[in-house]
Amino acid sequence: MKLSKILTASLAGTLSTASWATDPASIDLAGFEFTPTLDLTESYDDNYRGLRDGAGSSWVTSVNPKFLLSAETRNSGYQLEYEFDDQTYHSDDRASHTDHHLRFRSILEFNSRNRLRWNLGYHRIEETIDLADPDDNENDKYDRSVAGATYSYGTLSGLNQLDFGVNREGIRYRNSGDLNADEERDSTMFNTVWYHRLGGSTRSLVELRHTDHDYVRSGSNRDSTNDAALFGATWEATAKTSGTLRLGAERKNFDSSTREDYTSPMWEVGVAWEPRTYSVVKLNTRRAFDEGDDGASTVQDTTTRLSWEHEWSAFIRTDLDYRYSERDYKAIERQDDRTSYGLGVTYSPDRWVDVSLGYRHTENDSSVREKSYDRNIYQLSLSLSL
């Protein structure tokens, strides 16, 4: 397998979420492959602040270019990617913003048994919904930095493989005054995974994780550790399915004795069923502790997403998805049930252009009255590449 394919597959979680019906072409740039793409989107959002009362609506224009620079040698592969998304809210200048994303990914294959994957990322983001202070109408503004590495021992086709990983994430807010200051933190995660081949493309796995959350604010009682033990399996193209299954338990321990600790079942499941080469059904479900929000010590999130992607012809494809989330805010009296569904149709008249029409509905039903809302987004997009 080419290293670039291994790099893309092994670091899929850090790649752009855009889905291309075509394969963007690249140009040679001093020995590097340079791949530019451009997404242009016009949408109508009838509740971009996510409010129960006094919802604001606006037309939104998005200009989202991406630039990918990649290189590959016999034993290594590298990708440098930058994109920005300029979003103009025509009814509210304060909501308008530009997000920036910079990512670097690499894989080094020292020999058939020893490989190293590592990545760096910096993201400058603003969000118009789930605000800390909705009455202020100021976007949540934050910088997110990421650095991670995974060392793998064992051949790709061997009986056993061991992965040793580390990931560091820092979040800093840029809001006025002390808004969101209590959310700033550094999180460091260590994990070890043992894969054992059961036959063919199926492997069992056992994983241990330890994450330390260190909050910046002095005297914060939100410093904590998360420990998880998981077991399961991963498989590819078995009876037209592929996927990964992780089941286990997670423990949330706070450094402060004033906070209650929590233990809960945990799972991460991702399965793709491909009855035909032009049709795929995907199921993803996750249950885990997220960091606290809106005064909660932690949020237990259980999310399930079901999607269907189908190519009706060489020019037309559709995407349908349904998502349901239960978010239990610990240490405060709040429970959110969030339902979301969307559909999209994409027309690809040529290899280098896609035209998409989509709709998404979100309903958040919260035990806290002011946190409940309905939201509809109508969207027309044009995706261009070389």
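Just so you know, residue 1 is the first one in the sequence shown, and it goes up from there.
In this model, a donor atom of one side chain and an acceptor atom of the other lie less than 3.5 Å apart for S256 and T258. At a cut-off of 3.5 Å, with distance as the only test, no side-chain donor of T188 or D212 sits close to an acceptor on the other residue. Side-chain atoms of N114 and Y151 form a donor-acceptor pair, as typed in the model, at a separation below 3.5 Å. Under 3.5 Å, the side chains of Y122 and H100 contain no donor-acceptor pair of N or O atoms. For the 3.5 Å distance criterion, the side chains of N180 and D140 qualify, holding a donor opposite an acceptor. Between D163 and T150, the side chains place no donor N or O within less than 3.5 Å of an acceptor N or O (distance only, hydrogens not considered). No side-chain donor from either of E109 and N111 sits under 3.5 Å from a side-chain acceptor of the other. Checked by atom type, the side-chain pair T98/D86 shows a donor-acceptor distance below 3.5 Å. Using modelled atom types and a 3.5 Å distance limit, the side chains of Q300 and R287 yield a donor-acceptor pair.
Remark: F164 CZ is packed, more than 12 non-hydrogen atoms of other residues, nucleotides or ligands lying under 6.0 Å away. The neighbour count for D28 CG, taken as heavy atoms of other residues, nucleotides or ligands under 6.0 Å away, is above 12. Heavy atoms of other residues, nucleotides or ligands lying less than 6.0 angstrom from OH of Y324 number more than 12. Counting non-hydrogen atoms of other residues, nucleotides and ligands closer than 6.0 Å to CZ of R217 gives a total above 12. Remark: K282 NZ is loosely packed, at most 12 non-hydrogen atoms of other residues, nucleotides or ligands lying under 6.0 Å away. Surrounding CD of E370 are more than 12 heavy atoms belonging to other residues, nucleotides or ligands, all under 6.0 Å away.
Ionic pairing of E81 and R105 is present here: one or more N-O contacts between side-chain nitrogen and carboxylate oxygen are shorter than 4.0 angstrom. Residues E260 and K330 are not paired through a salt bridge, judged by the lack of any N-O separation under 4.0 Å between the basic side chain and the carboxylate. A salt bridge links E83 with R103: at least one charged nitrogen is closer than 4.0 Å to a carboxylate oxygen.
Although no hydrogens or angles enter the test, the distance criterion places a donor-acceptor pair under 3.5 Å between the side chain of T128 and the main chain of Y48. In this structure, the side chain of S366 does not engage the main chain of R369 through any donor-acceptor pair within 3.5 Å. Judged purely by atom type and a 3.5 angstrom limit, D223 uses its side chain to pair as donor or acceptor with the backbone of Y215. Side-chain atoms of S279 do not come within 3.5 Å of backbone N or O of H310 as any donor-acceptor pair. Between the side chain of R338 and the backbone N or O of R323, no donor-acceptor pair lies under 3.5 Å. For the pair N376 (side chain) and H361 (backbone), a donor-acceptor distance under 3.5 Å is absent. Looking at N167, its side chain never comes within 3.5 Å of a backbone N or O of V146 through a donor-acceptor pair. Looking at D92, its side chain never comes within 3.5 Å of a backbone N or O of S96 through a donor-acceptor pair. Side-chain atoms of T298 never come within 3.5 Å of backbone atoms of G292 as a donor-acceptor pair (strictly under, hydrogens ignored). Proximity of a side-chain donor or acceptor of D178 to a complementary backbone N or O of A181 within less than 3.5 Å is not detected.
Residues V271 and W235 meet the side-chain proximity criterion, which asks for heavy atoms closer than 4.5 Å. Annotation: side chain of T88 is not in contact with side chain of W59 (no heavy-atom distance under 4.5 Å). Between E183 and Y173 the shortest side-chain heavy-atom distance falls below 4.5 Å. Proximity of V280 to W273: side-chain heavy atoms (C-beta onward) are nowhere separated by under 4.5 Å. Inter-residue side-chain proximity for T192 and E207 is flagged as unmet; no heavy-atom pair is nearer than 4.5 Å. Side-chain contact between Y44 and I377: absent, with no pair of heavy atoms (C-beta onward) separated by less than 4.5 Å. Within the 4.5 Å cutoff, the side chain of K66 has no heavy atoms near those of the H101 side chain. Within the 4.5 Å cutoff, side-chain heavy atoms of V353 are placed close to those of L382.
Considering all non-hydrogen atoms of both residues, P36 and L386 come closest at CD-CD1, 3.5 Å. Taking both residues in full, the closest heavy atoms of V193 and N191 are given as CG2-ND2, 3.7 Å, listed atom of the first, atom of the second, then distance. The two atoms that bring N139 and R94 nearest to each other are ND2-O, 3.5 Å, heavy atoms only. Listed here is the closest heavy atom pair of E138 and R49: C-NH1, 4.3 Å. Across all non-hydrogen atoms, the minimal contact from A288 to M266 is CB-CE, 4.1 Å. The two residues Y142 and E127 have their closest heavy-atom pair at OH-OE2, 2.9 Å.
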* To do: Mind running salt bridge (charged side-chain N to carboxylate O under 4.0 Å, His left out) on R327 and D293 for me, showing each step along the way?
  => CA-CA 11 Å; R327 292 179 60 80; D293 191 15; 5.3 Å; no
* To do: Starting from the C-alpha separation in whole Å, work towards a yes-or-no answer on salt bridge (charged side-chain N to carboxylate O under 4.0 Å, His left out) for R286 and D301.
  => CA-CA 8 Å; R286 169 186 179 268; D301 179 80; 3.4 Å; yes
* Intermediate values then yes/no, side-chain contact (heavy atoms from CB on, under 4.5 Å), D354 and R317 -> CA-CA 10 Å; D354 288 345; R317 80 174 190 273; 4.0 Å; yes
* List the steps, then state whether side-chain contact (heavy atoms from CB on, under 4.5 Å) holds for H213 with N226. => CA-CA 8 Å; H213 300 287; N226 289 49; 3.4 Å; yes
* Asked: When you look at R197 and E236, which way does the salt bridge (charged side-chain N to carboxylate O under 4.0 Å, His left out) test go after all the steps?
  -> CA-CA 12 Å; R197 189 169 298 280; E236 296 180 5; over 6 Å; no
* Step by step, would you call R276 with E311 a salt bridge (charged side-chain N to carboxylate O under 4.0 Å, His left out)? -> CA-CA 10 Å; R276 297 289 187 270; E311 294 184 3; over 6 Å; no
* Mind running side-chain hydrogen bond (donor to acceptor under 3.5 Å, both in side chains) on R222 and S297 for me, showing each step along the way? => CA-CA 7 Å; R222 300 177 66 175; S297 59; over 6 Å; no
* To do: Given side-chain contact (heavy atoms from CB on, under 4.5 Å), test I27 with E33 step by step and report yes or no.
  => CA-CA 6 Å; I27 59 175; E33 289 187 1; over 6 Å; no
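Outside the 6.0 Å centre-distance limit, the rings of F190 and H210 are not counted as a close aromatic pair. Under the 6.0 Å cut-off for aromatic ring centres, W118 and F104 qualify, their centroids lying closer than that.
A continuous path of Ile, Leu, Val, Met, Phe, Trp and Tyr side chains, each step under 4.5 Å between heavy atoms, connects L108 with L80, placing both in one hydrophobic cluster. Placement of L208 and F231 in two distinct hydrophobic clusters is found when ILVMFWY residues are connected by side-chain heavy-atom separations under 4.5 Å, directly or transitively. No continuous path of ILVMFWY side-chain contacts below 4.5 Å connects W308 to Y322, so the two sit in separate hydrophobic clusters. Under a hydrophobic clustering in which Ile, Leu, Val, Met, Phe, Trp and Tyr are joined whenever their side-chain heavy atoms come within less than 4.5 Å, directly or via other members, L205 and L156 fall into different clusters.
Cation-pi contact between R203 and Y195: present, with separation from the ring centre below 6.0 Å and deviation from the ring axis of at most 45°. Cation-pi geometry between K252 and F254 is met: the NZ or CZ atom falls under 6.0 Å from the ring centre, inside 45° of the normal.
Classified by interplanar angle (parallel below 30°, tilted 30° to 60°, perpendicular above 60°), the ring pair F34/F67 is parallel.
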